[in-house]
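This report concerns only the one structure given below.
Since we're looking at a predicted model, the values are computed, not measured.
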Amino acid sequence: MEGNRTLLTEFVLRGITDRSELQVPLFLVFFFIYVVTMVGNLGLIFLICKDPHLHIPMYLFLGNLAFADACTSSSVTPKMLMKFLNKNDMISLGECFSQFYFFCSSATAECYLLVAMAYDRYVAICNPLHYAVVMSKRLCVQFISVSYLIGLLHALLHVALLFRLTFCSSNIIDHFYCEILPLYSISCTDPSINALVAFIFAIFIQVSTFMSIIVSYIRVLFAILKTKSEKGRSKAFSTCSAHLVSVSLFYGTLFVIYVLSGSDTDSYQGKMYSLFYTIIIPLLNPFIYSLRNKEVLGALRRLTK
């Protein structure tokens, strides 16, 4: 048994489907999605850096959210595309843990960046006269730094706990990337501690950040309802609606798979949830935040003149 454990240094990623006739069409679909995702997110970052009108806290946070989305997609999609093309479904132990580390750190950082964006909208609408003082450059840098630091440490904790597991009977991961829940299911070591830690941190991070966002927007809603100007209400709702849509999509899928379903999630259903928050949300976010944003569209027009 010990010999078998030491020999197991690679995993097999089963991917989305085993049907050979779907491999090329799926490659084309996800390659297109990945290109659009990277162009959308990196383009948004470039636009925010290039246009001085966007050098304000709201767009500083948005640029970092776009960076986190690009990292999330890039940690998962390239390996999935390789499998579609040449059946390269093998991934080493180190690559597997590294892939999860980069995904987990960027996804966790995104949770806290969304909180920072909610707080920014709260200050802008509920305390506009003191906005420039409260949302100082120093506070923005602190928000962003803490978001990334928590993301890196959270991912490091889970990866460190993965090293206590041994894999001796099966190396087939029924997923399209190295997700920890399928890894627990094929471990020869009891993964109860890992699963408990994952559940506790999922509850703490997702619920605490989500509730912070909800509290911010409840106060924003009351402030908007007190506004007598119809134009003021419309502008306030417009600036907040995109953020709320993004928050609903992101937290909805994460909460279902990590908190409500846990390790009992059906394999196919779990893959669909994972596709949504690893690939679809990073694709949608730059468009959600840009298409109805007059300042971003104005910056794009100025850049293309």
Side-chain angles (χ1 to χ4, degrees), residues 37 40-49 51 53-73 105-128 130-151 154 205-224 235-255 277 281-297 299:
T37 299
N41 284 290
L42 298 182
L44 185 58
I45 294 170
F46 175 77
L47 193 63
I48 291 170
C49 293
D51 196 302
H53 297 88
L54 302 182
H55 293 176
I56 58 176
M58 175 181 175
Y59 295 105
L60 180 63
F61 294 138
L62 181 55
N64 279 275
L65 183 72
F67 176 74
D69 278 333
C71 290
T72 298
S73 183
S105 57
S106 58
T108 305
E110 184 161 344
C111 290
Y112 288 93
L113 287 170
L114 289 170
V115 173
M117 293 174 73
Y119 181 72
D120 173 73
R121 290 301 84 205
Y122 159 71
V123 176
I125 294 172
C126 299
N127 198 8
H130 297 91
Y131 178 78
V133 177
V134 176
M135 296 305 296
S136 63
K137 184 177 180 180
R138 180 181 178 183
L139 181 64
C140 294
V141 171
Q142 288 175 343
F143 266 133
I144 293 167
S145 301
V146 169
S147 297
Y148 287 123
L149 180 61
I150 292 175
H154 179 229
I205 292 174
Q206 293 174 36
V207 173
S208 63
T209 54
F210 182 71
M211 290 307 298
S212 299
I213 294 170
I214 292 300
V215 168
S216 296
Y217 276 104
I218 288 175
R219 300 188 70 173
V220 165
L221 178 62
F222 281 120
I224 292 174
K235 184 178 180 180
F237 274 121
S238 179
T239 58
C240 296
S241 59
H243 188 214
L244 287 174
V245 170
S246 177
V247 166
S248 300
L249 292 173
F250 182 72
Y251 278 92
T253 50
L254 281 182
F255 193 76
Y277 66 74
I281 291 177
L283 167 70
L284 295 178
N285 270 348
F287 300 101
I288 290 173
Y289 283 105
S290 301
L291 292 180
R292 292 187 60 194
N293 191 309
K294 293 180 180 179
E295 291 177 319
V296 172
L297 294 176

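Using a distance-only test at 3.5 Å, with no hydrogens or angles considered, a donor-acceptor pair links the side chain of Asn41 to the main chain of Thr37. Thr209 places a side-chain N or O within 3.5 Å of a backbone atom of Gln206 that can act as its donor or acceptor partner.
Residues Asn127 and Tyr122 bring no donor and acceptor atom of their side chains to less than 3.5 Å of each other. Donor-acceptor pairing under 3.5 Å is lacking for the side chains of Tyr277 and Thr72.
Considering all non-hydrogen atoms of both residues, Tyr131 and Met58 come closest at OH-N, 4.0 Å. Nearest heavy atom pair, residue Asp120 against residue Pro57, reads OD1-CB, 3.5 Å. Closest approach of Leu54 to Tyr59, counting heavy atoms only: O-CB, 3.1 Å. The two residues Asp69 and Glu110 make their nearest non-hydrogen contact at OD1-OE1, 2.8 Å. When all heavy atoms of Arg219 and Cys126 are compared, the pair lying nearest together is O-SG, 3.6 Å. Shown here for Val134 and Tyr119, the closest heavy-atom pair between the two residues is CG1-OH, 3.7 Å.
Between the CD atom of Glu295 and the CG atom of Leu47 there is a distance of 11.5 Å, given to the nearest 0.5 Å. Taken from CD1 in Ile144 to CG in Asn64, the straight-line distance is 4.0 Å, to the nearest 0.5 Å. Atom CD1 of Ile281 sits about 7.0 Å away from atom OG of Ser246, to the nearest 0.5 Å. Rounding to the nearest 0.5 Å places CG of Leu113 at 10.5 Å from OG of Ser106. A distance of 8.0 Å separates CG of Asn285 from CG of Leu249, quoted to the nearest 0.5 Å. Taking CG of Leu149 as the reference point, atom OG1 of Thr108 lies at 11.5 Å (rounded to 0.5 Å).
By the 4.5 Å heavy-atom criterion applied to side chains, Val247 and Ile214 are not counted as neighbours.
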- Worked verdict on Phe210 versus Leu114 for side-chain contact (heavy atoms from CB on, under 4.5 Å): CA-CA 9 Å; Phe210 182 71; Leu114 289 170; over 6 Å; no

- Message: Please determine whether side-chain contact (heavy atoms from CB on, under 4.5 Å) holds for the pair Ile45 and Phe67, giving the CA-CA distance in whole Å, both sets of side-chain angles, and the decisive distance to 0.1 Å.
- Response: CA-CA 7 Å; Ile45 294 170; Phe67 176 74; 3.9 Å; yes

- Determine, step by step, whether Leu139 and Gln142 satisfy the side-chain contact (heavy atoms from CB on, under 4.5 Å) criterion, reporting the C-alpha distance in whole Å, the side-chain angles of both residues, the deciding distance to 0.1 Å, and the verdict. CA-CA 5 Å; Leu139 181 64; Gln142 288 175 343; 3.9 Å; yes

- Task: Could you please spell out the steps behind the side-chain contact (heavy atoms from CB on, under 4.5 Å) verdict for Tyr289 and Met117?
- Result: CA-CA 12 Å; Tyr289 283 105; Met117 293 174 73; 3.7 Å; yes

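Within a 6.0 Å sphere centred on OH of Tyr251, other residues, nucleotides and ligands contribute more than 12 heavy atoms. When the shell of 6.0 Å around NE2 of His53 is examined, it contains 12 or fewer heavy atoms from other residues, nucleotides or ligands.
Note: Phe143 and Phe61 have perpendicular aromatic rings, judged against thresholds of 30 and 60 degrees for the angle between ring planes.
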